[in-house]
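Got a structure for you, questions after.
Counting starts at 1 for both ligands and their atoms, in listed order.
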Amino acid sequence: MKQVPSVLFVCLGNICRSPMAEAAFRKAAANAGMEAVADSAGTASYHVGSAPDPRSITTAARYGIDILDYQGRQISGQDYTRFTHIFALDAANLSDIRRRAPANTTAEIALLLDVVEGREGQDVVDPYHGNQDDFETTWADVSAAAEALVARFLSGRD
Ligand code: 4NP
């Protein structure tokens, strides 16, 4: 039987972009009736144990998803075998994730926007120093990626 996709979204702090990516993917999978595991993490440890940024919480809530109880954590060595896919929100995080990959890594590691036609190679821009509009842009980016990912998993291309 085919493995249920388990997807880890990774940004720097795990309080802005990756919690929204996790939420958007959970929503897209649920809407499609697709079984999937989702989580998020940061490459940095600044916000371990913290709730998402209030602007991320507000943005996700606007789209019907409560992320208040998400808790920041740092990516660990076990993540590379626990998840089938690890998606980096930007190129800097992608290179950090690759550099730290243990020898027994089984997860496919890729840049998130590579799954979106026409956005290949692009970063989901860090909205941390921005305003609420920047968080809306982040939501649009991670939602496009979530939809594309679900379509890809449902089509059997993993
Ligand atoms: P994120 O945004 O990587 O999308 O969660 C950031 C959050 C916090 C910091 C940087 C980026 N920081 O420097 O504390």
Side-chain angles (χ1 to χ4, degrees), residues 5-30 36-102 105 107-150 152-153:
S6 57
V7 186
L8 181 67
F9 299 94
V10 182
C11 62
L12 180 62
N14 191 209
I15 56 166
C16 296
R17 293 167 289 176
S18 60
M20 287 197 278
E22 176 187 345
F25 178 69
R26 285 182 187 279
K27 180 179 177 180
V37 172
D39 196 6
S40 60
T43 52
S45 60
Y46 325 126
H47 300 287
V48 171
S50 303
D53 186 285
R55 297 163 295 178
S56 294
I57 294 172
T58 300
T59 307
R62 270 168 49 73
Y63 296 95
I65 305 155
D66 178 0
I67 63 168
L68 251 179
D69 66 346
Y70 287 17
Q71 265 200 8
R73 73 172 182 89
Q74 190 174 22
I75 190 170
S76 77
Q78 292 173 350
D79 290 324
Y80 292 83
T81 47
R82 274 181 51 214
F83 292 91
T84 56
H85 296 76
I86 299 176
F87 285 107
L89 276 281
D90 66 28
N93 286 300
L94 179 63
S95 86
D96 268 359
I97 293 162
R98 289 217 164 110
R99 189 169 40 77
R100 295 184 207 175
T105 295
E108 178 196 312
I109 300 169
L111 188 67
L112 184 62
L113 285 180
D114 277 355
V115 305
V116 181
E117 217 182 309
R119 303 290 306 273
E120 296 90 345
Q122 295 182 17
D123 291 346
V124 175
V125 174
D126 186 354
Y128 185 59
H129 296 290
N131 57 30
Q132 189 64 45
D133 279 354
D134 297 303
F135 281 74
E136 285 292 327
T137 301
T138 305
W139 184 263
D141 285 354
V142 299
S143 294
E147 297 291 341
L149 256 184
V150 166
R152 178 175 132 178
F153 287 136

Quiz item: Quick one: which of Asp53, Thr58, Thr59 gives a side chain to side chain contact (heavy atoms under 4.5 Å, CB included) with Ser56?
Solution: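 For Ser56, the side chain to side chain contact (heavy atoms under 4.5 Å, CB included) check succeeds only for Asp53.
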Quiz item: Pairs in or reaching into residues 39-51: which pass salt bridge (Lys or Arg N to Asp or Glu O under 4.0 Å), with residues at least two apart or in two chains?
Solution: Asp39-Arg73
Quiz item: What's the spacing between Asp90 CG and Ser95 OG if we round to 0.5 Å?
Solution: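 The distance works out to 9.0 Å.
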Ignoring hydrogens and angles, write down the donor-acceptor pairs under 3.5 Å from the side chains of residues 108-118, residues two or more places apart or on other chains.
from	atom 1	to	atom 2	distance (Å)
Glu108	OE2	Arg152	NH2	3.3
Asp114	OD1	Gly121	N	2.7

Quiz item: Can we say Asp141 and Arg119 salt-bridge, meaning some charged N sits less than 4.0 Å from an Asp/Glu carboxylate O?
Solution: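 Salt bridge flag = yes for Arg119 with Asp141.
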Practice problem: Could you tell me which residues satisfy ring pair (Phe, Tyr, Trp, His ring centres under 6.0 Å) with Phe25, sequence neighbours excluded, listed by chain and number? | Solution: Phe9
Exercise. Let me know which protein residues bring a heavy atom to under 4.0 Å of ligand 1; chain then number is fine for ordering.
Key: Cys11, Leu12, Gly13, Asn14, Ile15, Cys16, Arg17, Tyr46, His47, Asp126, Tyr128
